[in-house]
Asker: 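Please read through the structure below; I'll follow up with questions.
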Amino acid sequence: MSDLDAMHARATEVRLRAHAPYSGFKVGACLRSDDGRLFAGCNVENVAYPQGLCAEAGAIAAMVAAGGGRIEEVIIVAEGEPLCTPCGGCRQKLAEFAGPDTPIHVASPQGIRASFTLGGLLPESFRFEKAAP
Ligand code: THU
C-alpha cells in the first residue's frame, strides 16, 4: 500500500468518528510528516458553533503533540458533490508547517477527487519576520 493509500484509509476511518451533530458533515484528514509518520484528525463541532474544530486542525495538533515536524502531504476526506477543500483558516494553519509545494488532496471515501498545492490554495500567504532589535 502506498503512503497516499494509507493516508486515504486513515482519513476515511477517522472521519467516521467526527463529532458533527450540527452540520451533519463529517470530515477526516490525514497528514504525513517529514519523518514519515501519519497523523489523522476529524472535525469536532460544538453547540457554541464558532468553537468547532476542523479535521485538519486535529491532525496538525496530533503531529505537534507527538513531537512536531514539517507537513509533507495532506488528504481530506468528505462526502458530497462540492469538493471539500480546506477552509481559509486551515490553509493558514497548514502553512505554518508546510511549504507552497505541499500536495493537498481532496477525496471521497471512494478515492481522490482533486489535488492541489498549498501555494495554489493560499497564494501570497502571510509571513512574519521579527524585526532586528
Ligand atoms: N470542515 C472541516 O473539518 N474541514 C474542512 O476542510 C472544511 C470544513 C468542517 C467544519 C464543520 O465541522 C463542517 O465541516 C461543516 O463546515
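Atoms within each ligand, like the ligands themselves, are counted from 1 in listed order.
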Asker: So, Arg113 side chain and Glu81 main chain: donor-acceptor pair closer than 3.5 Å or not?
Answerer: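 Yes; judged by distance alone, with no hydrogens or angles, the pair exists.
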
Asker: Any chance the side chains of Gln92 and Ser125 put a donor and an acceptor closer than 3.5 Å?
Answerer: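 Side chains of Gln92 and Ser125: no pair found under 3.5 Å.
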
Asker: Using a 4.0 angstrom limit on heavy atoms, which residues are close to ligand 1?
Answerer: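 Its neighbours under 4.0 Å (heavy atoms only) are Ser23, Phe25, Val27, Asn43, Glu45, Cys54, Ala55, Glu56, Cys84, Thr85, Pro86, Cys87, given by chain and number.
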
Asker: For the residue pair Tyr22 and His19, categorise the inter-ring angle as parallel (less than 30°), tilted (30 to 60°) or perpendicular (more than 60°).
Answerer: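 Ring orientation of Tyr22 relative to His19: perpendicular.
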
Asker: Less than 4.5 Å apart, side chain to side chain, heavy atoms only: is that true for Phe116 and Pro103?
Answerer: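 They are not in side-chain contact.
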
Asker: Working to the nearest 0.5 Å, report the span between CG of Leu53 and CD1 of Ile60.
Answerer: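 Rounded to the nearest 0.5 Å, the CG-CD1 separation comes out at 11.0 Å.
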
Asker: Whether Arg91 and Glu56 form a salt bridge (side-chain N of Lys/Arg under 4.0 Å from carboxylate O of Asp/Glu) is what I want to check.
Answerer: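 No salt bridge links Glu56 with Arg91.
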
